[in-house]
Engineer: 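Mind looking over this structure? Questions follow.
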Number of protein chains: 2
Amino acid sequence: MAADEHPLVLTPLPGEADLGLVDALAQLSFAVQGALGRIATEQGLSIVQTRLLGILRDRRPTIKELAGFLGLDKSSVTGLVDRAETRGLVTRMASPRDGRSVQVAITPAGQDLAERATTSFMAEIGDLVADLSPTQQKRLFGLASIVVAADARRRGINLFDTTASTRP
Amino acid sequence: MAADEHPLVLTPLPGEADLGLVDALAQLSFAVQGALGRIATEQGLSIVQTRLLGILRDRRPTIKELAGFLGLDKSSVTGLVDRAETRGLVTRMASPRDGRSVQVAITPAGQDLAERATTSFMAEIGDLVADLSPTQQKRLFGLASIVVAADARRRGINLFDTTASTRP
DNA sequence: TATTGTTATACTCTATAACTATA
DNA sequence: TATAGTTATAGAGTATAACAATA
């Protein structure tokens, strides 16, 4: 798609960023979310449930921390964890440090499901970027990484600092 | 984030695509969806409603065509259009060619809202990619465009062929 | 018979506000 | 008082199945 062709989602207007970039990114995000949704459905999960399991892979966050990771209200996370717990995918544990808090941990069943989802998702994304050369794929990865890291930093969510969470 | 660092969403496993790429793309899609969600909320819309208005900007698709564009079931689109119609953002019109079909069109109020959303969204995405140089932004745009175009082709949705829809 | 769209139903997801328990 | 979490409530979004109208 050339930069001056019309977009599916939005329309050409002047603005801070180039619309072509904006629209391409929006559409790319829909394509990726579509892939995520397909593999989630395949495993009987939703995108958010899949994301929850992925986060819990190497963390035991509180409800509040999960809300920060997911960008949701704490009450939404309560329901999310409720449904996952009912299905035996996660468990709540009392926090040893704060009587008000709970820590959410993934179960072996949840781990299995998360791993199957990961495998399927990699295959889907492999298909999605199949038209890019290996060099282009690396380039896309690098650019996406820069954007994601900068965004996380701006939002004050350090994806790699786990001092706030107890590691299993 | 370096390629060998752990991901937020998914976990390192061998697969068809490099996990670093997969995870970076997933996280990028969440970041973009987050920006979309914020501007949609700003305008009193959801992401899907915003997307609907964007699609209707230069098309008058049937419910079935909309379902194809959005990747939803036709019954979901019925409800989506119902809610948008109640708010005066879109209208249903009888199809001149098929008595079973309706054509969905955007209203002036819907146009206004879509344009405001577009302006806000461009600013948000401008912030999101602020850490990339202009050259890198163009590169990201180009790579995203290739992926999106290939995906649309594979799914049999020609984003630019409007012969199936009546143009206003 | 097949297709288009709607309706009925049920579930997930989400937020706001009020509440409980702990700090 | 302030914070962590839950509950109650309401609404959007989604899919499946059954249905009506048209092709």
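Chain A is the first sequence line, chain B the second, and so forth, proteins listed ahead of strands; every chain is numbered from 1. Here the structure is a predicted model, which means the values were calculated and not measured.
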Engineer: Donor-acceptor pair under 3.5 Å: do we get one between A/Arg100's side chain and the base of D/dT3?
Structural biologist: yes
Engineer: With respect to the phosphate group of D/dT6, does any side-chain polar atom (N or O) of A/Arg92 fall under 4.0 Å of OP1 or OP2?
Structural biologist: yes
Engineer: Got a salt bridge between A/Glu115 and A/Arg57, using NZ or NE/NH1/NH2 to carboxylate O under 4.0 Å?
Structural biologist: yes
Engineer: Looking at every strand, decide which applies to B/Ser76 at a 4.0 Å heavy-atom threshold: base, sugar-phosphate, or nothing.
Structural biologist: base
Engineer: Any cation-pi pair here, B/Arg51 with B/Phe69, using under 6.0 Å and within 45°?
Structural biologist: no
Engineer: Using heavy atoms to find the nearest nucleotide of DNA chain D for A/Thr78 and B/Gly71 separately, return the residue whose nucleotide is more 5′.
Structural biologist: A/Thr78
Engineer: Need one value for B/Gly79: base, sugar-phosphate or nothing, where a base atom within 4.0 Å counts as base even if backbone is also close, heavy atoms only.
Structural biologist: nothing
Engineer: Is it true that B/Lys64 and B/Asp98 make a salt bridge, defined as a side-chain N closer than 4.0 Å to a carboxylate O?
Structural biologist: no
Engineer: Please report, rounded to the nearest Å, how far the P atom of D/dA4 is from the CG atom of A/Asp98.
Structural biologist: 7 Å
Engineer: What is the distance, to the nearest angstrom, from the NZ atom on A/Lys64 to the C1' atom on D/dA2?
Structural biologist: 11 Å
Engineer: Is a salt bridge present between A/Arg153 and B/Asp131, judged by a nitrogen-to-oxygen distance below 4.0 Å?
Structural biologist: yes
Engineer: Under 3.5 Å, is there any donor-acceptor pair linking the side chain of B/Ser75 to the base of D/dT14?
Structural biologist: no
Engineer: B/Val77 near the nucleic acid: base, sugar-phosphate alone, or nothing, with a heavy-atom cut-off under 4.0 Å?
Structural biologist: nothing
Engineer: Identify, between B/Asp82 and B/Ser101, the residue whose nearest nucleotide on DNA chain C lies closer to the 5' end.
Structural biologist: B/Ser101
Engineer: Expressed in angstrom and rounded to an integer, what is the separation of A/Arg97 atom CZ from C/dA23 atom C1'?
Structural biologist: 15 Å
Engineer: With a 4.0 Å cut-off on heavy atoms, is A/Lys74 in touch with a base, just the backbone sugar-phosphate, or nothing at all?
Structural biologist: base
Engineer: Whole-Å distance between C/dT6 P and B/Leu80 CG?
Structural biologist: 12 Å
Engineer: Rounded to whole Å, how long is the line connecting atom CG of B/Asp73 with atom P of D/dT14?
Structural biologist: 11 Å
Engineer: What integer distance in Å separates A/Leu72:CG from C/dT16:C1'?
Structural biologist: 14 Å
